[in-house]
Amino acid sequence: MASLLHMVSVSPTTFSTTRITTTTSSLQPRLLQLPSSVSFNNRWRFTVRAAETDANEAVKSQAPDKAPGKNGSSFNQLLGIKGAAQETNKWKIRLQLTKPVTWPPLVWGVVCGAAASGNFHWTFEDVAKSILCMMMSGPFLTGYTQTINDWYDREIDAINEPYRPIPSGAIAENEVITQIWVLLLGGLTIAGILDIWAGHDSPIVFYLALGGSLLSYIYSAPPLKLKQNGWIGNFALGASYISLPWWAGQALFGTLTPDIIVLTILYSIAGLGIAIVNDFKSIEGDRALGLQSLPVAFGAETAKWICVGAIDITQLSVAGYLLGADKPYYALALVGLIVPQVIFQFKYFLKDPVKYDVKYQASAQPFLVLGLLVTALATSH
């Protein structure tokens, strides 16, 4: 639902500008290969068009110079983060494309939604429902989001991280496309099963999964490509990682209420700040391809303060909301979790957002996600 559903990058051996078009295109498209069980009528067939450019060929020729070589980490490879070892096993490469390191926030969002519902019980059935919802939000729909993002980011990755699976040619184009469809359809199927299991009159979990998947697509793909705009793209990413999985978990066990929707959307501003952290490592490629990420638009010095401001002010606002709702102990607990985040911001991120991005996120984000749970528990009482 990161989409979900969204807190990234990809490129084939032949670097090209690819987009989804209808078969009415004046150029000859290549039909997007779908699993045999999936079909669309002639009016709405999806196609992929690839156009090779001299500029991309030049990028390709430079890519090997930036490869991490034999010193890469196999563990990083499985998690889908930088510093990964080169891999030839296709299943490990497929896992790398889904970036498992990005699943936990979505899984945690489901936990928060279930807690906020006030109707989760430690029974076998409720635990099984929550695990299935976590699988939908994490491995399937976040995996779909990361894979499709890497597919449409392959020109950028050819500049920033040319050793990644798609720009390095470690996985074929048709294999990437197949993975996108399998993960998307698998996630939507699980969403439908959850609605039936929960006895919903309206398939709200399916609608959330479908909406999150669409958001993931327009975030990465032209012509909208929301990520080209630092504000809109990062807010969409924050909403995908915080609001949508929370809503799915709460809808599965209870009812979504307007105050919860507003509160989680507000929290998504903190998600915007978290998303900005990931933009600093891509400044070179974003600038070369005209993407207006906040570090490119405002400069690294200003952008890092926008980043920490979005994270801290949002959480302080939520604490103020809890205090106003006559829940002072929850508000105090949330403030207590904000303090170490600020300390780590000054210790790592504000010193060098590129060098210490991973160390900062590993140190500070656990306190942010604990704050999410505190807020969820506060709203359930």
Gap between atom [atom2] of [Y] and atom [atom1] of [X] - 0.5 Å precision:
{"X": "L372", "Y": "T264", "atom1": "CG", "atom2": "OG1", "value": "10.0 Å"}
{"X": "L208", "Y": "L256", "atom1": "CG", "atom2": "CG", "value": "6.5 Å"}
{"X": "N149", "Y": "T142", "atom1": "CG", "atom2": "OG1", "value": "12.0 Å"}
{"X": "K281", "Y": "S293", "atom1": "NZ", "atom2": "OG", "value": "12.5 Å"}
{"X": "T145", "Y": "L106", "atom1": "OG1", "atom2": "CG", "value": "8.0 Å"}
{"X": "K359", "Y": "D352", "atom1": "NZ", "atom2": "CG", "value": "11.5 Å"}

Looking at residues at least two apart in the chain, or sitting in another chain, which of them share a side-chain hydrogen bond (donor to acceptor under 3.5 Å, both in side chains) with T375?
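Checked T375 against side-chain hydrogen bond (donor to acceptor under 3.5 Å, both in side chains); zero matches.
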
All side-chain hydrogen bond (donor to acceptor under 3.5 Å, both in side chains) counterparts of D126, not counting sequence neighbours:
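With neighbours one apart ignored, the set is empty.
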
Do you know which two heavy atoms are closest between [X] and [Y], and how far apart they sit?
{"X": "S240", "Y": "L215", "value": "OG-CD2, 3.2 Å"}
{"X": "A198", "Y": "K129", "value": "CA-NZ, 4.2 Å"}
{"X": "G273", "Y": "C307", "value": "O-SG, 2.9 Å"}
{"X": "A378", "Y": "Y330", "value": "CB-CG, 3.5 Å"}
{"X": "A191", "Y": "V205", "value": "CB-O, 3.9 Å"}
{"X": "K225", "Y": "D153", "value": "NZ-OD1, 3.9 Å"}

Is a donor from one side chain sitting under 3.5 angstrom from an acceptor on the other, for S117 and N119?
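Per modelled atom types, S117 and N119 side chains form no pair under 3.5 Å.
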
Under 3.5 Å: donor-acceptor pair, side chain of Y321, backbone of L263
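Here the side-chain-to-backbone pair does not exist.
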
Donor-acceptor check, side chain of S137 to backbone of M134, threshold 3.5 angstrom: yes or no?
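No.
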
Same cluster or not: [X] versus [Y], using hydrophobic residues (I, L, V, M, F, W, Y) connected whenever any side-chain heavy atoms lie under 4.5 Å apart?
{"X": "Y329", "Y": "F367", "value": "no"}
{"X": "I180", "Y": "L224", "value": "yes"}
{"X": "I343", "Y": "F346", "value": "no"}
{"X": "V374", "Y": "L316", "value": "yes"}
{"X": "L185", "Y": "I196", "value": "no"}

Got a sec, which residues hit side chain to side chain contact (heavy atoms under 4.5 Å, CB included) with [X], two or more places apart in sequence or on another chain?
{"X": "P328", "answer": "L323, D326"}
{"X": "Q179", "answer": "R94, L97, T98, T147, L183"}
{"X": "S317", "answer": "L266, I313"}
{"X": "I261", "answer": "W247, I265"}

Do [X] and [Y] come within less than 4.5 Å of each other through their side chains, counting heavy atoms only?
{"X": "L210", "Y": "L214", "result": "no"}
{"X": "F280", "Y": "D357", "result": "no"}
{"X": "S130", "Y": "V111", "result": "no"}
{"X": "N278", "Y": "Q361", "result": "yes"}
{"X": "L141", "Y": "I190", "result": "no"}
{"X": "Y152", "Y": "P222", "result": "yes"}
{"X": "F298", "Y": "W305", "result": "no"}
{"X": "D279", "Y": "N234", "result": "yes"}

Listing, residues 331-340 side-chain donor-acceptor contacts under 3.5 Å, not counting sequence neighbours, or none:
none

What salt bridge (Lys or Arg N to Asp or Glu O under 4.0 Å) pairs are there with at least one residue in residues 292-306, not counting sequence neighbours?
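Qualifying pairs, neighbours excluded: E301-K304.
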
Give every residue pair that meets the side chain to side chain donor-acceptor pair (under 3.5 Å) criterion with at least one member in residues 332-349, sequence neighbours excluded.
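Every pair satisfying side chain to side chain donor-acceptor pair (under 3.5 Å) with a residue in residues 332-349: D312-Q345, Q315-Q341, Q345-Y360.
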
With side chain to side chain donor-acceptor pair (under 3.5 Å) as the rule and sequence neighbours excluded, what pairs involving residues 185-204 come up?
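Counting only pairs at least two positions apart or across chains, the side chain to side chain donor-acceptor pair (under 3.5 Å) contacts touching residues 185-204 are E125-W197, D195-H200.
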
Considering only residues two or more places apart or on different chains, which pairs with a residue in residues 248-277 satisfy ring pair (Phe, Tyr, Trp, His ring centres under 6.0 Å)?
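Qualifying pairs, neighbours excluded: F120-F253.
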
Check the pair L188, F140 against side chain to side chain contact (heavy atoms under 4.5 Å, CB included), reporting the backbone distance first and the verdict last.
CA-CA 9 Å; L188 295 177; F140 279 91; over 6 Å; no

Please assess I260 against W246 for the test side chain to side chain contact (heavy atoms under 4.5 Å, CB included), listing each intermediate value before the final yes or no.
CA-CA 9 Å; I260 288 295; W246 182 315; 3.7 Å; yes

What's the verdict on side chain to side chain contact (heavy atoms under 4.5 Å, CB included) for I306 and W231, showing C-alpha distance, side-chain angles and the deciding distance?
CA-CA 11 Å; I306 294 174; W231 293 108; 3.7 Å; yes

Could you list the residues that satisfy salt bridge (Lys or Arg N to Asp or Glu O under 4.0 Å) with K90, not counting sequence neighbours?
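Per chain and number, K90 pairs via salt bridge (Lys or Arg N to Asp or Glu O under 4.0 Å) with E175.
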
